[in-house]
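When a ligand or atom number is given, it counts from 1 through the structure's own listing order.
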Amino acid sequence: EAGDAVPAAQRSSWTAFVKAIATFTGDLSSLTAPPFILSPVSLTEFPAYWAERPDLFAAIATASNEEQRMLSVLRWFIGRKHKPDSFNQSTLRGQYTSRNDSMGSEKKPLNPVLGELFYGYWPDKNGRGKTTLVVEQVSHHPPITAYYISNESKKISLEGSSGQRTSFSGGSIIVKQEGHAVLTIELSDGKKETFLITLPKLRIDGIWYGSPYIELTESSYIQSSSGYLSTINYSGRGYFSGKTHSFKALVTPPGSTSVKHTIEGQWHTTSKDSKGFVFHDVTGLKEEIIVAPIDEQGQWESRRLWKLVAKGIREGDYDLASTEKSRIENEQRQRRKDESAAGETWQLKHFVKSDGANSFKLARIAKLELSGPTYQYLGNGPVIQ
Ligand code: CLR
């Protein structure tokens, strides 16, 4: 039944919202949605999903050769074999199903303002080194979020940006992701190995019932400068395995199309390699990022900026949430007006737009298509203790 998962009092507003999405093209974030579907978390926090397994991120740097490094990048991307005493999470599970885990369904995140920042870190434990995150909202129309994650002691970093183009088809929201990420490792001989990571296409299903969830579709790629390539094919219920969140990853060596490793499974739980060994298992815990206490954060830092909106959403005080949200949006509009009157433009703090030469070089190896602008980190993030 339509709106089954929607609180009775919000059904008509949900129906109106769904109708609006169906006839809308462009930036979904600007549509007003009923309260039950709102998340108190801004999109600037999402890049943290890349490193909620900081041990796996660090492990890439210590893998023994090109082939093992490709497999460890893939394992960090999809997840890792379960050990009872370790935390388990993959970038995919974090990015695409964690709101279902924590809030019961996919939700509408807060739409970041231009210049919004998110800083945090995962502490050094068991010699894995400290991992730090710097995020900046580098564009508002269209929304683009740039991020830089690094573990200096392991000489490994991830730099990328994320934007989305949305459309509506067959009752689902289709999200084409723009942008990509580049993972860089400095090897012991000082040489660099880089990995271009492209982003999958999303389909948001379950809209009609008011319980949206993400299904990944088509393929994404990880291209190493060593020549190793991982092709990850996604499918959902009713496709080749019939199970939700299914994937099949194929790893090919440099200059060859003959598949050397095949990994198959469900990215939110487990998978096996072609010999039947468990490749990953993410049914356990993750490790949340540590951020400064809200009252010590700067005025552009996400949790401080959205503090009262988030409080309103969490506590069901939607008047507070919407008054505060309007206040922030009006303040932004005024700021843009003042800037154009003064002939000025907003200055980014940690990133500059770049030509993405390195990304395009990697993309050419497997003829991958890249979309969206590329941003480069300036190396000037704060040190948070
Ligand atoms: C942002 C980049 C992350 C992965 C990711 C996960 C969920 C996506 C989000 C991205 C972009 C915004 C998104 C969201 C799911 C729902 C939300 C598409 C790609 C839209 C704007 C909200 C639609 C409202 C429904 C929930 C009804 O690495």
Checklist entry - Parallel, tilted or perpendicular for Trp14 and Phe17, by the 30°/60° rule? => result tilted
Next on the checklist: Tell me whether the rings of Tyr213 and His245 are parallel (<30°), tilted (30 to 60°) or perpendicular (>60°).
Outcome noted: perpendicular
Record the part of [X] in heavy-atom contact with ligand 1 below 4.0 Å; permitted values are side chain, backbone, both and neither.
| X | answer |
| --- | --- |
| Ile21 | neither |
| Arg99 | side chain |
| Ile214 | side chain |

Checklist entry - Does any N or O atom in Trp50 lie less than 3.5 angstrom from one in ligand 1, N or O only? => result no
Could you name the option among [options] that has the heavy atom nearest to [atom]?
| atom | options | answer |
| --- | --- | --- |
| atom 20 (C) of ligand 1 | Leu202, Leu28, Leu92 | Leu28 |
| atom 5 (C) of ligand 1 | Phe46, Phe17, Trp14 | Phe46 |
| atom 24 (C) of ligand 1 | Lys201, Lys108, Lys176 | Lys108 |

Among all the protein's non-hydrogen atoms, which is closest to [atom], and how far away is it?
| atom | answer |
| --- | --- |
| atom 17 (C) of ligand 1 | Pro109 CD, 3.9 Å |
| atom 19 (C) of ligand 1 | Gln177 OE1, 3.5 Å |
| atom 9 (C) of ligand 1 | Leu43 CD2, 4.0 Å |
| atom 25 (C) of ligand 1 | Ile173 CD1, 4.3 Å |
| atom 2 (C) of ligand 1 | Ser162 OG, 3.3 Å |

Next on the checklist: Quick check on atom 13 (C) of ligand 1 - does any protein heavy atom sit closer than 4.0 Å to it?
Outcome noted: no
Going by the order shown, which atoms of ligand 1 are within less than 4.0 Å of some heavy atom of [X]?
| X | result |
| --- | --- |
| Gln95 | 3 (C), 4 (C), 6 (C), 28 (O) |
| Gln164 | 1 (C), 11 (C), 19 (C) |
| Val175 | 18 (C) |

Side-chain donor-acceptor pair under 3.5 Å between [X] and [Y], yes or no?
| X | Y | value |
| --- | --- | --- |
| Ser302 | Glu116 | yes |
| Asn330 | Gln334 | no |
| Tyr119 | His350 | yes |

Checklist entry - Is any NZ, NE, NH1 or NH2 atom of the basic residue among Glu331 and Arg335 found under 4.0 Å from an Asp or Glu carboxylate oxygen of the other? => result yes
Checklist entry - So does Arg53 pair up with Asp55, basic N to acidic O under 4.0 Å? => result yes
Next on the checklist: Checking side chain to side chain contact (heavy atoms under 4.5 Å, CB included) between Gln164 and each of Leu202, Thr145, Leu43, which is the one that passes?
Outcome noted: Leu43
Next on the checklist: Quick check: His180 with Phe360 (ring centres under 6.0 Å apart)?
Outcome noted: no
Next on the checklist: Return the OH to OG distance between Tyr121 and Ser150, rounded to the nearest 0.5 Å.
Outcome noted: 14.5 Å
